[in-house]
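Inspection log for the structure reproduced underneath, given as structure tokens.
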Amino acid sequence: MRKYEGKANRLLTALLAGWALFQLIFSVLGTMDAVTFRGWHGMFLLAFGFAYYPARRGDETALRRPPWYDLLLIACVLAVYGWFALRYVGVAMAGGALDAAEYIAAALGIALLMEAARRTAPGLMWLALAFLAYNFLGRFLPGALGHSGVTVKRLLRHLFWGSQGIFGVGAGVSAGYVFLFMIFGAFLRRSGFSQFLNDLALAMVGCYAGGPAKVAVVASALLGMMNGSAVANVATTGAITIPMMKKNGYSAEFAGAVEAVASTGGQFMPPVMGAVGFLMAEYLGVSYTKVAIAAAVPAVLYYLALFLSLHFEAKRLGLSGISRENLPRAGEVLKKGWHLLLPLLLLIGMMLAGFTPLLAAVCATIAVPLAAALRRETRMSLRAAYESLAEGARSAVSVGITCMLIGVLVGTVSLTGLGLRLSEAIMRLSDFGGLYAAALLSAVLCTVLGMGVPGVAAYVIVASVVAPTLVEAGAAPMAAHMFCLFYACLSNITPPVAISAYVAGGIAGSDRTKTALLAVKLGLVGFLLPLFFLRNPALLWGVTGVPAWRAATAALTAAMGGGALSAALFWRSEGDRRAAERAFLLAGALCLLDPNLATDWIGLALCACAMMIYHKRKGKKT
């Protein structure tokens with residue numbers, strides 16, 4: 001990103017803060033129709049995108065100041081997207097009839113979005129270009145993927161002037177949830193909340209074996225669930241936690257993988273879930289509370305398995321924790337910083353009380369400087385609040401452009417019937433190999449479509465394409481959407497586009513491919529759980545049809561399964577018969593993760609066999 005100085009920096013900071021205030025005010029008042037509001041939002045996103053992201057990486061001149069062509073692109077954005085915001089209501093009232101100028105504006109608007117995405121999310125830009133080409137080339141494709149073709153005018157009208165294109169659900173997510181929570185996160189960082197969480201995590205787990213890695217997990221999980229972007233979380237918390245882990249004795253690859261896995265899990269960790277939970281609640285037509293309760297057990301199991309993996313690796317390396325005299329005390333940390341928790345508690349309380357997430361986010365943001373003022377050490381000045389507005393708006397630019405680009409994918413799916421064709425293919429596979437076969441194909445689709453995309457945006461893509469098909473194949477709606485959420489988020493650590501792992505590897509100075517592969521190994525339980533709860537939603541608490549006692553026992557045995565899986569992958573002991581123990585633990589873990597009474601008993605028996613073999617071998621040695 002360009003780093004401005006002097007008058008240019010002051011001007012852009014003022015514009016960013018003004019944009020943030022505009023968004024906060026109109027999000028609460030709701031005096032503007034949704035699509036027009038998204039039009040203004042898109043105008044600001046792209047204008048700041050061209051202002052901050054240069055056309056070529058490594059161009060030192062372009063990093064210091066924007067060249068003439070970027071200024072021209074900003075002027076085009078203001079003209080095209082501003083005109084859209086002013087004209088949309090009139091076009092809608094006219095039944096969607098367009099003249100030549102409006103078609104030209106649509107073509108320019110899509111081209112400008114593609115160029116902005118090339119600078120901020122090049123991987124998704126190429127995928128969007130492939131979808132655009134599919135609109136015209138689909139007539140030449142055989143079989144289920146073929147379609148009758150789309151005219152240029154129809155495509156421009158649908159993607160730009162319609163409500164299912166670039167100003168559709170993706171732009172709505174950015175203008176509402178993502179932007180507001182970015183502002184909220186910026187205020188929290190300025191208030192000292194990040195340091196408070198880091199100190200609290202150190203006090204809680206810093207003294208145990210591999211303590212710094214466990215601190216990284218706690219801090220990244222808590223910040224990641226409010227951030228909404230695993231990559232942004234890695235970039236911010238990883239700069240502190242990765243060097244801490246390396247200093248403690250973990251390898252660079254392991255330290256980077258831990259940070260990537262911990263930050264990724266924050267996107268499906270209640271109570272905030274990186275703003276995805278609110279969107280899922282709207283898709284399903286249920287309360288946010290129900291979504292958060294359903295996500296609780298899988299998210300806790302994910303982090304429990306990660307914690308145990310860290311513990312086994314620390315024991316293997318002989319790592320100790322940080323001495324208690326060098327750690328803060330939990331009581332003292334809470335005494336000094338308890339007031340910083342008040343905005344988060346307000347946010348959660350308002351959502352549980354039934355207020356909209358938008359109103360809750362705005363109220364929580366306003367509460368941050370008020371809560372910080374309770375102690376002199378954390379008090380925020382007007383300057384700090386002003387800079388927080390600008391920082392939050394600036395951090396929302398790349399994520400927002402990505403969300404808007406999703407409209408090209410979603411619009412193509414609705415225009416060409418690609419979603420129906422994929423559904424038919426998955427349904428045929430389901431008829432042939434059952435729900436598991438359909439789930440495996442859906443998992444691949446979710447991972448591919450979510451690569452290089454922030455969690456909220458990735459979920460929007462896969463929920464539009466995959467979730468309805470899984471429901472038709474026999475999955476419960478909550479299970480189908482949670483399945484899509486997990487795999488879309490975990491694409492951040494899935495090679496070949498494991499963007500969170502690559503960013504963490506860059507901070508750690510490690511081999512990025514090895515870091516990504518190790519991240520998959522550390523987060524393996526996250527890849528397995530959706531396959532099991534899709535068929536039997538006992539692990540999703542609150543889903544109708546599952547008795548409370550069965551949900552509790554399923555969670556308990558799945559926790560044992562997560563521990564067995566971590567032991568199978570990371571527990572090391574001496575002896576030639578270790579392979580047998582690992583095989584029994586791995587088989588037992590898979591059985592215990594499956595929420596079925598019969599497989600639970602089998603899993604317990606297999607794990608018991610592994611322990612018997614281990615103790616027998618240890619007895620022979622002594």
Side-chain angles (χ1 to χ4, degrees), residues 15-49 74 76-94 96 102 105-106 108-110 112-113 116-117 157-184 228 275-276 278-279 281-283 355-366 389-390 392-408 410-411 454 456-457 460 464:
L15 291 173
L16 285 166
W19 175 32
L21 286 174
F22 167 81
Q23 294 266 163
L24 289 170
I25 292 169
F26 281 96
S27 294
V28 175
L29 297 180
T31 56
M32 191 183 301
D33 72 274
V35 179
T36 300
F37 184 59
R38 295 168 191 176
W40 292 118
H41 178 74
M43 184 189 75
F44 284 112
L45 280 177
L46 268 65
F48 285 116
I74 291 172
C76 290
V77 165
L78 296 178
V80 172
Y81 282 77
W83 191 47
F84 170 87
L86 294 172
R87 282 285 299 141
Y88 174 75
V89 174
V91 170
M93 294 294 288
E102 286 157 346
L108 283 174
I110 294 172
L112 288 167
L113 177 60
R157 183 169 57 250
H158 187 76
L159 291 186
F160 192 79
W161 291 99
S163 60
Q164 297 184 51
I166 64 176
F167 297 108
V169 63
V173 169
S174 174
Y177 305 115
V178 172
F179 189 90
L180 295 182
F181 277 89
M182 287 290 189
I183 299 293
F184 179 52
V276 178
F278 312 131
L279 189 60
E282 290 190 8
Y283 269 123
F355 291 95
T356 66
L358 300 182
L359 180 60
V362 172
C363 291
T365 301
I366 296 172
L389 287 170
R394 184 168 51 245
S395 62
V397 169
S398 61
V399 180
I401 292 173
T402 302
C403 289
M404 287 193 66
L405 193 63
I406 288 171
V408 175
V410 175
V456 179
V460 173
S464 303

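Quick note: residue numbers are just sequence positions, from 1. Bear in mind the structure is a predicted one, so any value in this text is a computation, not a measurement.
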What are the two closest heavy atoms between Ala393 and Ala20, and how far apart are they? CB-CB, 4.4 Å
Nearest heavy atoms of Met404 and Ala171, plus distance in Å: CG-CB, 4.1 Å
Is the distance between the ring centroids of Tyr81 and Phe167 under 6.0 Å? yes
Under the side-chain contact (heavy atoms from CB on, under 4.5 Å) test, residues paired with Glu102 that sit two or more places apart: Trp83, Arg87, Val91, Leu98, Asp99, Trp161
Identify the two heavy atoms, one from Ala85 and one from Trp40, that lie closest to each other, and give their separation to 0.1 Å. CB-CE2, 3.4 Å
Supply the atom-to-atom distance Phe37 CZ to Phe22 CZ, rounded to the nearest 0.5 angstrom. 5.5 Å
Answer whether the closest heavy-atom distance between the side chains of Leu16 and Leu389 falls below 4.5 Å. no
Taking it one step at a time, do Cys76 and Leu108 satisfy side chain to side chain contact (heavy atoms under 4.5 Å, CB included)? CA-CA 8 Å; Cys76 290; Leu108 283 174; over 6 Å; no
Side-chain donor-acceptor distances from residues 41-49 under 3.5 Å, at least two apart:
unit_1 : atom_1 : unit_2 : atom_2 : d
His41  : ND1    : Gln23  : OE1    : 2.6
His41  : NE2    : Ser174 : OG     : 2.8

For Arg157, the salt bridge (Lys or Arg N to Asp or Glu O under 4.0 Å) test, sequence neighbours excluded, returns none
Residues passing the ring pair (Phe, Tyr, Trp, His ring centres under 6.0 Å) test with Tyr88, sequence neighbours excluded, are Phe84
Which atom pair, heavy atoms only, marks the closest approach of Ser395 to Ser398? O-OG, 4.3 Å
Output every pair passing salt bridge (Lys or Arg N to Asp or Glu O under 4.0 Å) with a member in residues 35-45, not counting sequence neighbours, ordered by first then second residue. none
Nearest 0.5 angstrom please: Leu159 CG to Ile110 CD1, how far? 5.0 Å
Got a sec, which residues hit side-chain hydrogen bond (donor to acceptor under 3.5 Å, both in side chains) with Thr36, two or more places apart in sequence or on another chain? Asp33
